[in-house]
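Have a look at the structure below, then the notes.
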Amino acid sequence: MEAVAANPTRLVIAALVGLVILLVLIIKFKIQAMIAILVGAIAIGLISGMSFEDIVTSVNDGIGNTLKGIALLVGLGSMFGAILEISGGAQTLAVTMVKKFGDKKAAWALGITGLVIAMPVFFDAGLIILIPLAFSLAKRTNRSSLFYAIPLLAGLAVGHAFIPPTPGPVLVATMLNVDLGWVILVGIFCGICSMIVAGPVWGSICGKKYNVPVPEHVANQADYDESKLPKFGTIVGIILIPLVLIILNSVAKVVPAMSGVQPILGFLGEPFVALTIATVAAMILLGYKHGYNNEELEKIMTKSLEPTGMILLVTACGGVLRYMLQNSGLGDVIGNAVSSAALPIVIVAFIVAALVRISVGSATVAMTMAAGIIAAMPEIANLSPLYLACTTAAIAGGATVCSHFNDSGFWLVKSLVGMDEKTTLKTWTIMETLVGGTGFVVALIISFFA
């Protein structure tokens, strides 16, 4: 479907009105994000002069083309994460890493653990599972709980934002039509740098400046029974399965010497195939071998799919926004404006995502809206896979910065760590900004070589 011919001024007004409607519905009236995005997108179509038929087509194309790329991945990732969670895999990683690093460098161990765990496990679940270990270390070393909690939070935030198979970068990569292998590689570089800056470095500063004691309700919590936890090597191996297969697929496409095995790697490295293999391996090695039968695993995996409905629907409506902007002709207008402003798309992507994040609070909505706007720009089709991966990381970074009162994560961290609002703003909010900002800077630097 070709973009309709319309006056550029009218298109810009349509976009501004539609986005204002969207933001007002979410911020002022607390309307569910899916409905707000859908109403805003339809408003853009109507005001820009699109026919009813074109609006309906844009909605259908946006939902269908977006979901076909991520529905399986989000579902498989949720089930994979649930098995890792109930088996004690997250605790295994944390306990082993802390032992290897020792108490003096335990902050680094928690940051790395959080980064790895947040790829297959949702942020909230990972935090609830691992925060007792941070408190245990704080109690043992007689330090502020922030000394260990901030690195853990930073690692979780990084894994949640930058590295597939976590849903955020997967949905952005799908909307920008970029190979997940490149997104993983760029995300790892962005993630490691972000974790170091926002984790051990910022955590050390916070731990010295703010003395936040271990909350009373966990002060006397028992340590983990390590004899019941799965093996460290098993957990690492299972988590690496999808990452390695997807990266090998991407490498095989550009390395002539691997052309002979490219068809096989192409199949095994297809994201849904790689995640299916990892999920089956988790079922066998972490499920059956730890005493779970088929019925118990089925209940666990089915329950893990409950939160994916919201993620998929919000993402699908983001696809509607993308197609509405594209089919109305606004994508060309935005593209021309960016070209005339001489701003790299990576920077534009970060700014758009950050503005939505600050306004709405939801990282998912920020990623979805920013990806929809950027994907509607014609220039995207001519960009290299590496540059698109950097753009994906920039959107993830923008959608992470400045977590404050309108973000549910802000209140979760405040209550779990036991801080007041002012201290949470001075620690958690700055940490999130360091995560997103550092990741963006790294992505921008890499984009110069794309």
Side-chain angles (χ1 to χ4, degrees), residues 69-70 73 77 111-112 114-116 118-120 154-199 239-240 242-255 269-271 274-275 343-354 363 366-368 370-371 374-375 377 379-401 434-450:
I70 68 162
L73 300 187
I112 296 170
L115 189 157
V116 174
M119 288 186 277
L156 289 167
V158 164
H160 182 69
F162 291 108
I163 309 171
T166 193
V170 169
L171 75 88
V172 177
T174 299
M175 294 177 73
L176 298 184
N177 195 28
V178 55
D179 191 302
L180 274 186
W182 288 104
V183 176
I184 291 171
L185 288 171
V186 171
I188 288 173
F189 279 105
C190 294
I192 290 173
C193 294
S194 298
M195 189 279 293
I196 292 171
V197 172
I239 291 176
L240 286 178
L243 302 182
V244 171
L245 289 176
I246 292 170
I247 290 173
L248 283 176
N249 177 27
S250 299
V251 172
K253 291 177 181 177
V254 295
V255 177
E270 183 66 30
L275 262 177
L343 278 176
I345 289 178
V346 168
I347 294 179
V348 176
F350 174 79
I351 293 172
V352 172
M367 285 189 185
T368 302
I374 299 301
M377 297 166 58
E379 292 92 333
I380 289 295
N382 301 318
L383 297 175
S384 69
L386 178 57
Y387 194 95
L388 287 173
C390 292
T391 305
T392 300
I395 290 174
T400 303
V401 301
L434 288 172
V435 167
T438 304
F440 160 65
V441 170
V442 174
L444 180 62
I445 293 171
I446 295 174
S447 73
F448 294 145
F449 301 95

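Side-chain atoms are counted along with the backbone in the values below, which use heavy atoms only and exclude waters and symmetry mates.
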Going through the distances and angles, do Asp179 and Val183 end up as a side-chain contact (heavy atoms from CB on, under 4.5 Å)?
CA-CA 7 Å; Asp179 191 302; Val183 176; over 6 Å; no
Qualifying residue, where the test is side chain to side chain contact (heavy atoms under 4.5 Å, CB included) with Pro271 and the options are Leu245, Val170, Ile70, Ile246:
Ile246
Taking only residues two or more places apart in sequence, or in another chain, which ones meet Phe440 in a ring pair (Phe, Tyr, Trp, His ring centres under 6.0 Å)?
Phe350
Determine whether Ile163 and Leu115 satisfy the following criterion, side-chain contact (heavy atoms from CB on, under 4.5 Å), listing intermediate values before the conclusion.
CA-CA 9 Å; Ile163 309 171; Leu115 189 157; 3.7 Å; yes
If you take all heavy atoms of [X] and [Y], which pair is closest and at what distance?
| X | Y | value |
| --- | --- | --- |
| Phe162 | Cys190 | CD2-CB, 4.2 Å |
| Glu379 | Ile345 | CB-CD1, 4.0 Å |
| Ala173 | Leu180 | CB-CD2, 3.8 Å |
| Gly155 | Ala118 | O-CB, 4.4 Å |
| Met367 | Val172 | CB-CG2, 3.9 Å |
| Ser447 | Leu444 | OG-O, 2.5 Å |

Report yes if the side chains of [X] and [Y] come closer than 4.5 Å at any heavy-atom pair, otherwise no.
| X | Y | result |
| --- | --- | --- |
| Thr392 | Val186 | no |
| Leu185 | Ser250 | no |
| Leu243 | Met119 | yes |

side-chain contact (heavy atoms from CB on, under 4.5 Å), that's the test. Do Trp182 and Ile247 meet it? Break it down for me.
CA-CA 7 Å; Trp182 288 104; Ile247 290 173; over 6 Å; no
Keeping the roles fixed (side chain from Ser194, backbone from Gly439), state whether a donor-acceptor pair exists under 3.5 Å.
yes
Enter the distance from [X]:[atom1] to [Y]:[atom2] here, rounded to the nearest 0.5 Å.
| X | Y | atom1 | atom2 | answer |
| --- | --- | --- | --- | --- |
| Leu388 | Met175 | CG | CE | 13.5 Å |
| Ile395 | Cys390 | CD1 | SG | 11.5 Å |
| Thr368 | Leu171 | OG1 | CG | 4.5 Å |
| Met377 | Leu176 | CE | CG | 10.5 Å |
| Ile374 | Leu383 | CD1 | CG | 10.0 Å |
| Leu156 | Met195 | CG | CE | 11.5 Å |

Where do His160 and Thr400 land on the side-chain contact (heavy atoms from CB on, under 4.5 Å) test, with the steps shown first?
CA-CA 9 Å; His160 182 69; Thr400 303; over 6 Å; no
